[in-house]
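Remember, it's 1-based here, ligands and their atoms both numbered in the order they're listed. Excluded from the calculations below are hydrogen atoms, water molecules and symmetry mates; all remaining heavy atoms, backbone and side chain alike, are included.
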Amino acid sequence: MLSKVIDQANVDRFERWLGKAENIVIVTHVSPDGDAIGSSLGLAHFLESQDKNVHVIVPNGFPDFLRWMNGVQQILRYDKHQDEADCLIAGADVICCVDFNCLKRIDAMAKPVGESSARKVLIDHHLDPESFCQITISHPHIASASELVFRLICRLGYFEDITMECAECIYTGMMTDTGGFTYNSNNPEIYYIISQLLSKGIDKDQIYRNVFHTYSEGRLRLMGHVLSHMHVYPDFRSALITLTKKEQNRFNYVRGDSEGFVNLPLQMKNVVFSVFLREDTEKDMIKVSLRSTGDFPCNQVASEFFGGGGHLNASGGEVYGSMDEALQLFKEALVKFQPLLLKK
Ligand code: 5GP
Ligand code: MN
C-alpha cells in the first residue's frame with residue numbers, strides 16, 4: 001500500500017475537472033529530460049484512456065535516447081510549431097504543468113500558458129512552486145514527477161487503466177531522475193511502485209539499456225575528452241568539467257550528448273560537488289549543471305551564483321557571459337562555500 005502523499009482535496013478537485021474536460025494540454029520544462037517526457041507521456045496515456053483529447057507540448061528538443069517511448073511522435077515542439085501550439089493552449093479546458101515549478105521554466109510558452117483561460121494543475125517535485133495553477137500538487141520530497149503521476153492515477157482509482165506503455169513512461173521518469181535508482185531513491189515506496197509497474201509487463205532491464213546504453217561513438221569519445229580535461233580541487237572536494245562550442249564541433253556534438261556528464265566526477269572518492277559548464281549552441285550563454293552528494297546544497301550555489309535553482313543534489317543555472325566569466329563565478333562559489341564543502 002502507498003501512503004497518501006497527495007491531498008485528498010486536490011485529488012477530488014482534479015477528478016471534478018476531468019469529468020468536464022475534453023481538451024487537455026500537458027506542458028513540461030525547457031530541454032525536457034527523462035522525467036519531463038516520462039511524466040508528460042505517462043499522464044497523456046492515462047488521460048487518453050479516459051477518452052480525452054490530449055496534446056503534449058514541449059518548449060524545445062529532447063534527447064534521442066527518449067525517442068523509443070510510446071507517444072513520443074505526437075509530442076509538439078513549441079519552437080517549431082508555435083501557431084498550432086498557441087491554438088491548442090488557448091483552447092484547452094485543462095493544462096497540466098508537469099515537472100517544473102515556475103512559468104519561467106517553460107521559456108516562450110510562459111506567455112500563452114499564463115494567459116490561457118484553461119484550468120491549470122501543477123504536478124511537480126521542485127522546491128518553492130510559484131502559484132500559477134488553481135491546483136498545486138507539489139511534493140519536493142518525491143523523487144520524480146513521474147512517481148507523482150503514478151500516485152495521482154492510483155488515487156483517482158484508475159490503476160487498472162494504466163497500460164504497459166503508460167507504465168514504461170512512468171518508470172523511465174522515475175529511473176532517470178534518480179540516476180537509475182542511485183540517488184534520491186531510499187523511499188521504500190519507490191520499489192513498491194516499481195513492482196506495480198512490472199505487473200503491467202514493462203521490461204525494466206530493456207528500458208535501462210534504451211536510456212543509458214545507446215551512446216553514439218561521438219558521445220563516448222566526447223566523454224573521454226571532457227574527463228581527460230577535468231579539473232579536480234581537493235581543497236574544496238570539488239571537480240569541474242567544461243565543454244566549449246569548438247569542442248562540440250570537433251566531436252560532432254548533438255543535443256543530449258553531454259547528458260549525465262556532470263555526474264561522472266562524483267564517482268571519485270572525496271569529491272562531493274561537481275560542476276559542468278557548457279557553451280550553449282543556440283543561446284549566447286553558458287549552461288551550468290551542478291551535482292552534489294550528501295548534504296551539500298548545490299541549489300544554493302545555483303541560485304546565489306548562476307541565477308538558477310533546483311534540488312539539493314541536482315541543480316542548474318545559466319551565465320549570460322563568456323566561459324571565463326563562468327569559471328570566475330565557479331571559483332568564487334568554491335571559496336564562499338568551502339566551509340560547507342569540507343563539512344563531514
Ligand atoms: P540539469 O543539470 O540536468 O540541466 O538540471 C538539473 C536540475 O536543476 C533540473 O531538474 C532543475 O531542477 C534544475 N535546473 C537546471 N537548470 C536550471 C535553471 O536554469 N534554472 C532553475 N531554476 N533550475 C534549473
Ligand atoms: Mn523531475
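Relative to the six-membered ring of Phe296, Arg291 misses at least one condition, a distance below 6.0 Å or an angle of at most 45° to the axis. Figure legend: Lys343 and Phe337 shown without cation-pi pairing, the cationic atom not lying both under 6.0 angstrom from the six-membered ring centre and within 45 degrees of its axis.
Among the heteroatoms counted here (N, O or S) of Asp35, OD2 is the one nearest to the Mn ion (ligand 2). Asp99 contributes OD1 as its N, O or S atom closest to the Mn ion (ligand 2).
Residues His311 and Asn313 bring no donor and acceptor atom of their side chains to less than 3.5 Å of each other.
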Starting from the N and O atoms of ligand 1, find every protein N or O within less than 3.5 Å and list the pair with its distance.
from, atom 1, to, atom 2, distance (Å)
ligand 1, 2 (O), Ser289, OG, 2.7
ligand 1, 2 (O), Arg291, NH1, 3.0
ligand 1, 2 (O), Arg291, NH2, 3.3
ligand 1, 3 (O), Arg291, NH2, 2.9
ligand 1, 8 (O), Gly316, N, 3.2
ligand 1, 12 (O), His126, NE2, 3.1
ligand 1, 16 (N), Lys287, NZ, 2.8
ligand 1, 19 (O), Lys287, NZ, 3.2
ligand 1, 22 (N), Gly309, N, 3.3
ligand 1, 23 (N), Gly309, O, 3.2

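Within 6.0 Å of the NZ atom in Lys4, the count of heavy atoms belonging to other residues, nucleotides or ligands does not exceed 12.
Using a cutoff of 4.0 Å between basic side-chain nitrogens and carboxylate oxygens, Asp64 and Arg67 are scored as salt-bridged.
For the pair Lys104/Glu130, no side-chain contact is recorded, criterion being any heavy-atom separation below 4.5 Å from C-beta on.
The Mn ion (ligand 2) lies at 2.8 Å or more from every N, O or S atom belonging to Asp33. Metal site remark for the Mn ion (ligand 2): His125 contributes an N, O or S atom at a distance under 2.8 Å. Distance check for Asp177 against the Mn ion (ligand 2): an N/O/S atom falls below 2.8 Å.
The backbone N or O of Ile6 lies less than 3.5 Å from a partner atom in the side chain of Arg155, making a donor-acceptor pair.
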Side chains of residues 301-309: which donor-acceptor partners sit under 3.5 Å, not counting sequence neighbours?
from, atom 1, to, atom 2, distance (Å)
Ser303, OG, Asn299, O, 3.4
Ser303, OG, Gln300, O, 3.3
Glu304, OE1, Lys336, NZ, 2.5

